[in-house]
Amino acid sequence: MHTYPLRNDSGQVVAFEIDNIYASRRTICKLLQAVDGVTDVALASAFGGSDDVRVRFDFHNRQYVVVEPFGDNSRYWVGPANNDSPSESVAPLERAFSVYRPPAARKIIGDLLTLRFLSRWR
């Protein structure tokens, strides 16, 4: 899966985004649970309220979230729940998503919907 890393001034990956068409929230939970240092993975409420958080989890004893900005974005943002505190590298999390390959049907639909297949022919 393609990821969009967000880096701090020293080049460290402190958050990242993924196209939400390629992974369900349950798949995201499974990917997170497989990463060393991740605990307490929980699906957040899918409907109701104005909270854009889709998944909550701890990474090295810090709270992190998977957020769908504005509740209808094409990408999920994965990063620390509290942006006020200094962030550590989330490279292991980003790596887990970058090596994930969605099932063929989901990949084809995702590529069609994002027009990613066009970039291969240019």
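Only this structure's heavy atoms are used, side chains among them; waters, hydrogens and symmetry mates stay out.
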Query raised in the report: Under the side-chain contact (heavy atoms from CB on, under 4.5 Å) test, which residues partner A34, sequence neighbours left out?
Result: none
Query raised in the report: Does R7 have any salt bridge (Lys or Arg N to Asp or Glu O under 4.0 Å) partners at least two apart in sequence or in another chain, and if so, which?
Result: none
Query raised in the report: How many angstroms lie between atom CD of Q63 and atom CG of N82, to the nearest 0.5 angstrom?
Result: 8.5 Å
Report summary line: Residue pairs meeting side chain to side chain donor-acceptor pair (under 3.5 Å), one or both in residues 27-38, sequence neighbours left out, come to S24-T27
Query raised in the report: How far does CH2 of W77 sit from CG of D52, to the nearest 0.5 angstrom?
Result: 12.0 Å
**Report entry** Point-to-point distance, once rounded to the nearest 0.5 Å, from OH of Y76 to CZ of R25
**Finding:** 6.5 Å
Query raised in the report: When rounded to the nearest 0.5 angstrom, what is the spacing between CD1 in I28 and CG in L43?
Result: 9.0 Å
Donor-acceptor contacts under 3.5 Å from residues 98-105 side chains, at least two apart:
unit_1 : atom_1 : unit_2 : atom_2 : d
S98    : OG     : R95    : O      : 3.0
R101   : NH1    : S98    : O      : 3.0

Query raised in the report: At their closest point, which heavy atom of V90 faces which heavy atom of F59, and how far apart are they?
Result: CA-CE2, 4.3 Å
Requested in this report: Report the residues that fulfil salt bridge (Lys or Arg N to Asp or Glu O under 4.0 Å) with E94, sequence neighbours left out, ordered by chain and then residue number.
Outcome: none
Requested in this report: Indicate yes or no for a side-chain donor-acceptor contact from D19 to the backbone of I21 under 3.5 Å, with no hydrogens or angles considered.
Outcome: no
Query raised in the report: Looking at L31 and V35, what are the two nearest heavy atoms and their distance?
Result: O-CG2, 3.5 Å
Requested in this report: Give, for atom CG of L6 and atom CD of Q12, the distance between the pair rounded to the nearest 0.5 Å.
Outcome: 13.0 Å
**Report entry** From D40 atom CG to N61 atom CG, the distance as rounded to the nearest 0.5 Å
**Finding:** 9.0 Å
Query raised in the report: Step by step, would you call Y64 with V55 a side-chain contact (heavy atoms from CB on, under 4.5 Å)?
Result: CA-CA 9 Å; Y64 283 77; V55 177; over 6 Å; no
Query raised in the report: Which residues pass the side-chain contact (heavy atoms from CB on, under 4.5 Å) test with V78, sequence neighbours left out?
Result: F16, F57, V66
Query raised in the report: If you take all heavy atoms of A15 and G79, which pair is closest and at what distance?
Result: CB-CA, 4.0 Å
